[in-house]
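To keep things clear, I will list the structure first and then write my remarks on it.
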Amino acid sequence: MTLQAVLHFLQKEVGLFKDFPVRLLEELVRGSRITTFEPNEAIISFGEEGRFLGILLDGEAEVSVTDDSGEKHSITVLRPGEMFGEMSLMTGDKTTADIVGLTHCKAVLIPFQVFSTILITHPPAVRHLSKTISERLRKSGDRSLAESALRRSDDPYGFRLRSDTPIKMLIINCGSSSLKYNIYDTADETLSARGIIEKIGEKTMRHKYLFRGPEVTHELPGGDHREAFRVMIEELTAQGTGVINSLDEISAVGHRVVHGGDVFISPELITDAVVKKIEDLSDLAPLHNPVNVAGIREAMHFFPTAAHVAVFDTSFHHTLPPYAYLYGLPFELYEKKKIRRYGFHGMSHSYVSLRA
């Protein structure tokens with residue numbers, strides 16, 4: 001984008017620069033930095049001190065906050081011509097939200113020195129900034145979302161299972177030769193049970209099951225993943241050791257999926273389209289995604305009335321910046337084959353960081 005193109009865009013699309021002297025605007029742009037941000041790259045992170053005023057030239061970016069339970073709350077989506085970072089610069093407070101690229105973005109970043117010596121000396125611009133800040137404060141409501149969430153909860157990091165109404169959840173981790181599962185009851189955590197079926201596809205399978213008492217191990221005839229699901233269900237519904245009477249008691253099934261690429265950055269309610277996208281990402285995790293999909297299909301077969309949700313190990317790392325996720329390889333391998341660092345074991349990293 002040329003200097004003239006940026007000047008024209010700012011004059012025509014950004015209210016802040018309406019009637020702004022052309023000479024000063026040229027000086028301002030020359031002292032600023034035009035840069036790009038990739039999808040899911042953090043442009044500004046919560047808690048940063050204000051260093052620049054940004055104007056989005058192209059693409060979209062999401063403004064969001066994360067409460068103390070780790071839940072993200074989207075505030076708005078920035079589009080070309082909209083500015084960001086003005087509140088921290090004007091108030092001296094630290095940034096109260098994350099701004100992350102939704103698409104490939106281009107922005108002009110006006111550093112504090114240029115902001116304070118050129119922009120802030122133009123009274124109409126100051127009035128526009130003040131009005132914008134007042135309007136955004138009004139729309140955002142409580143600026144202390146994270147603090148209020150902490151005050152409301154005696155479990156701010158969400159380690160206890162809670163729901164508005166009691167439900168039973170089944171969590172599945174389906175591997176190529178194993179099926180790990182946990183069942184949780186949000187009304188009573190002592191009713192939780194877990195197990196693992198190993199050696200799927202071999203002559204014999206081994207099933208380890210734990211509910212209240214000591215772990216029990218069974219040696220079983222060999223079978224495929226469908227047979228492993230049958231074994232799990234028999235144990236969960238067995239008289240004396242089972243924790244459910246009917247499969248309809250399961251309201252939700254959570255599935256661990258290894259690779260979400262740059263497509264899935266948060267948990268997703270599973271639909272046929274989501275399953276297709278997970279399959280399409282199999283080139284990035286050929287040993288994991290296909291069997292994760294197999295587990296999803298088997299679970300949807302046995303639990304057709306439950307809501308099925310995919311949780312991706314890669315999503316925790318989705319804000320890695322390009323300098324961290326790009327390899328020293330020809331750039332076309334990233335563009336055409338999506339070969340980059342994605343980060344793994346994200347669910348574990350999330351849990352461990354919250355515990356710490």
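These figures come from a predicted structure and were not determined experimentally.
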Inset, instruction - Could I get the full list of side-chain contact (heavy atoms from CB on, under 4.5 Å) partners for F344, not counting sequence neighbours? - result: V258, H259, T314

Legend entry - side-chain contact (heavy atoms from CB on, under 4.5 Å) involving P267 - partner list, sequence neighbours excluded: V309, V311

For [X], I'd like to know if atom [atom1] has over 12 heavy atoms of other residues, nucleotides or ligands within 6.0 Å.
| X | atom1 | value |
| --- | --- | --- |
| F331 | CZ | yes |
| K199 | NZ | yes |
| H349 | NE2 | yes |

Legend entry - Salt bridge E279-R297, side-chain N to carboxylate O under 4.0 Å: yes

Inset, instruction - Would you mind checking if D272 and K276 are paired as a salt bridge, meaning a charged N to carboxylate O distance below 4.0 Å? - result: no

Inset, instruction - Show which residues join F312 in its hydrophobic cluster (side-chain heavy-atom contacts under 4.5 Å, direct or indirect), or state none. - result: V257, V263, F264, I270, V274, V275, I278, L281, L284, V293, I296, M300, Y342

Legend entry - Linked hydrophobic residues, L329 as query - side chain contacts closer than 4.5 Å: Y327, L333, I339

Legend entry - For F37, ring-ring contact (aromatic ring centres under 6.0 Å, His included) partners two or more places apart: none

Inset, instruction - Considering non-hydrogen atoms only, spot the tightest contact between G175 and V291 and give its length. - result: O-CG2, 3.2 Å

Legend entry - S178-E198 side chain donor-acceptor pair, cut-off 3.5 Å: no

Inset, instruction - Would you kindly say whether E235 and T241 are connected by a side-chain donor-acceptor distance under 3.5 Å? - result: yes

Inset, instruction - Would you verify whether the NZ or CZ of R51 falls within 45 degrees of the ring axis of F112 while also being under 6.0 Å from that six-membered ring's centre? - result: no

Inset, instruction - With sequence neighbours excluded, give me every side-chain hydrogen bond (donor to acceptor under 3.5 Å, both in side chains) pair touching residues 106-125. - result: none

Inset, instruction - Check the angle between the aromatic planes of Y334 and Y325 and answer parallel, tilted or perpendicular using the 30° and 60° thresholds. - result: tilted

Check whether any side-chain heavy atom of [X] sits under 4.5 Å from a side-chain heavy atom of [Y], and report yes or no.
| X | Y | value |
| --- | --- | --- |
| I43 | V100 | no |
| I110 | F52 | no |
| L109 | F84 | yes |

